[in-house]
Structure formats: C-alpha cells, structure tokens
Amino acid sequence: MKPDELLQQIARLIDARAKTTETNLKAEIKASEERQGKRVEMVKEGLTTKIKDVKVELKAEINEVRADLKGEIRDLRKGVAGKLVEQDVRLEAVEKATGTSSKH
C-alpha cells in the first residue's frame, strides 16, 4: 500500500470515528437535556405544591387572627359602652347635685 493510500484510508477512518463520536455526543447531550427538563418540571411541581400548601396555611392563620380580633373588638366595645354608661351616671349625679343640666 502506498503512503498516500494509507493516509487516505486513515483519514477516512478518522472522519468516520469523528462522525460517530459527534453522533454519540449529540445523543448524550439531548438525553441529558431531557433529563434536566424532567428534573426542572419535578422541582416546579414540588414548588407549586408547596406554595399552595403555604397559601392554605396562611389563609387559615389569617382567618384565625380575624376571629380573634373580632372577639377583642367586641370586648373593647363592651368595655367602652360600659365606661360611657358609668360616665353618664356620674354626670347625671353631678347635675342632680348641682341642679344643672348638660342636655341641649
């Protein structure tokens, strides 16, 4: 075999090997990208579920705080109303004692 023929045969083998390697690399890259895509989707689904769970928990806590506040506001109103009644009684007693009236 002549040196030129040998070089051509080696060049063809190298080209064939390079194409095979390129094909294998492209296939591996594509498979890797698909695996990564699936992992990303799994993470997204997990985060979406977690966010939904947190929203449910927050809504429950907000409703609990609202209920507590409503009770506290009701108690404050009762307290204020009681104080107003006490003040009216005291004012009436002062008016009676002094013979005056603050009613218009």
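- Looking at Q36 and R39, their side chains do bring a donor and an acceptor atom within 3.5 Å of each other.
- Residue L7 holds its CG atom at 10.5 Å from CE of M1, rounded to the nearest 0.5 Å.
- R17 CZ to L13 CG: the interatomic distance, rounded to the nearest 0.5 Å, is 11.0 Å.
- From L69, atom CG reaches atom CD1 of I62 across 11.5 Å, with rounding to the nearest 0.5 Å.
- Distance check: L6 CG to Q8 CD gives 10.0 Å after rounding to the nearest 0.5 Å.
- A side chain to side chain contact (heavy atoms under 4.5 Å, CB included) with R74 is found for one member of R77, K78, E72 and no other, namely K78.
- Counting heavy atoms from C-beta outward, K83 and E86 have side chains that approach closer than 4.5 Å.
- Residues passing the side chain to side chain donor-acceptor pair (under 3.5 Å) test with E28 are R35, sequence neighbours excluded.
- Considering only residues two or more places apart in sequence or on other chains, K26 meets the side chain to side chain donor-acceptor pair (under 3.5 Å) condition with E22.
- Atom NZ of K52 and atom NZ of K55 lie 8.5 Å apart (nearest 0.5 Å).
- The side-chain contact (heavy atoms from CB on, under 4.5 Å) check on I14 picks up I10, with sequence neighbours excluded.
- We find that E33 and K30 are not joined by a salt bridge, their nearest charged nitrogen and carboxylate oxygen being 4.0 Å or further apart.
- Taking CG from L91 and OG from S101, the interatomic distance works out to 8.5 Å, rounded to the nearest 0.5 Å.
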